[in-house]
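I have placed the structure first, in the form of structure tokens, so that the comments after it can refer back to it.
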Amino acid sequence: MLTVKEIEEIIPHRHPFLLVDYIEDYKPGEYAIGYKCVTFREDFFRGHFPEEPVMPGVLTIEALAQVGAVAILSQEEHKGKTAFFGGINNCKFRGKVAPGDKLRLETSIIKQKGPVGIGKAVASVDGKVVASAELTFMIG
């Protein structure tokens, strides 16, 4: 398990844009499983949407990318580097994420050649998939 401080040693994201509270399990270069405990205090809920707060889908995808970055940047040869988005394919939103939800974030690295790779990412709440995508990354 990795705490926020340990995650910050691997990826460059910081509050308020660090969207992962902890990593439950990971294997460098292969996968990572993390969690975001969504609270009413998230800044984005003030405007998205005040009457019915919903975590923006793009932030769910960003949280999945951050978990994938932990998997890829925890490899010895990539320590201290940054993983950038190269593309998002086959993205589907299947449910909403609301305050009080514990968002499970799982990203598996399915292909990598040099500094470019693809991660298969799935976000779920209470066992129900709320988002999935293939995320292309570039290490720089």
Side-chain angles (χ1 to χ4, degrees):
M1 188 166 132
L2 299 175
T3 66
V4 168
K5 291 293 181 196
E6 293 167 317
I7 293 167
E8 288 177 341
E9 291 174 11
I10 300 170
I11 65 175
H13 304 79
R14 299 294 181 265
H15 179 80
F17 209 68
L18 179 60
L19 299 174
V20 183
D21 292 326
Y22 66 95
I23 298 292
E24 176 183 74
D25 190 20
Y26 75 108
K27 187 169 184 181
E30 292 188 25
Y31 72 90
I33 300 167
Y35 289 87
K36 165 76 176 155
C37 299
V38 183
T39 71
F40 275 109
R41 297 181 65 134
E42 311 291 344
D43 289 336
F44 50 78
F45 285 137
R46 288 185 297 168
H48 197 269
F49 301 100
E51 300 297 317
E52 184 180 349
V54 177
M55 183 173 179
V58 294
L59 293 182
T60 301
I61 298 302
E62 173 63 29
L64 286 164
Q66 290 180 16
V67 168
V70 168
I72 206 70
L73 297 177
S74 59
Q75 291 180 282
E76 195 60 42
E77 64 268 28
H78 299 307
K79 286 189 180 188
K81 296 182 180 176
T82 300
F84 296 97
F85 265 124
I88 302 169
N89 293 313
N90 302 317
C91 183
K92 296 196 185 320
F93 297 103
R94 295 187 167 100
K96 67 180 185 175
V97 180
D101 286 344
K102 185 175 182 181
L103 185 60
R104 183 179 196 270
L105 306 156
E106 183 172 358
T107 303
S108 300
I109 308 306
I110 58 174
K111 186 177 182 183
Q112 185 177 359
K113 185 170 184 177
V116 178
I118 298 172
K120 179 180 176 189
V122 178
S124 59
V125 174
D126 295 327
K128 181 184 176 216
V129 173
V130 294
S132 61
E134 286 185 358
L135 308 175
T136 302
F137 63 86
M138 298 174 293
I139 300 166

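Worth saying up front: this structure is predicted, and the values here are computed from it rather than measured.
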Query raised in the report: Does Leu18 reach the side chain of Glu8, with side-chain heavy atoms less than 4.5 Å apart?
Result: yes
Requested in this report: Starting at CE of Met55, measure out to CD of Glu42 and round the result to the nearest 0.5 Å.
Outcome: 7.0 Å
Report summary line: Heavy-atom closest pair (Val20 atom, Val4 atom, distance to 0.1 Å) is O-CG2, 4.1 Å
Report summary line: CG (Leu19) and NZ (Lys36) are apart, to the nearest 0.5 Å, by 6.0 Å
Query raised in the report: Taking all atoms of both residues into account, what is the closest heavy-atom pair of Lys81 and Leu73, and its distance?
Result: O-CD1, 3.4 Å
Report summary line: Heavy-atom nearest pair, Ala83 first then Ile72, reads CB-CG2, 4.2 Å
Requested in this report: Kindly indicate whether the side chain of Arg94, heavy atoms from C-beta on, has any atom under 4.5 Å from the side chain of Ser132.
Outcome: yes
Requested in this report: Can you establish whether the number of heavy atoms outside Glu76 located under 6.0 Å from its atom CD is more than 12?
Outcome: no
Query raised in the report: Are the side chain of Thr39 and the backbone of Arg41 linked by a donor-acceptor contact shorter than 3.5 Å?
Result: yes
Query raised in the report: Do Leu2 and Ile10 touch side chain to side chain, with heavy atoms closer than 4.5 Å?
Result: yes
Query raised in the report: Okay, side chain of Asp21, backbone of Cys37: is any donor-acceptor separation there less than 3.5 Å?
Result: yes
Query raised in the report: Is it true that atom CG of Asn89 has more than 12 heavy atoms of other residues, nucleotides or ligands lying nearer than 6.0 Å?
Result: yes
Query raised in the report: Do Leu59 and Phe44 have side-chain heavy atoms sitting under 4.5 Å apart?
Result: yes
Query raised in the report: To the nearest 0.5 Å, how far apart are CD in Gln66 and NE2 in His13?
Result: 4.0 Å
Query raised in the report: Taking the side chain as C-beta and beyond, is there a heavy-atom pair between Met1 and Asp25 under 4.5 Å?
Result: no
Report task. For the residue pair Tyr22 and Glu6, establish whether any side-chain heavy-atom pair is separated by less than 4.5 Å. Result -> no
Query raised in the report: Considering only heavy atoms from C-beta outward, does the side chain of Ser124 approach that of Val130 to under 4.5 Å?
Result: no
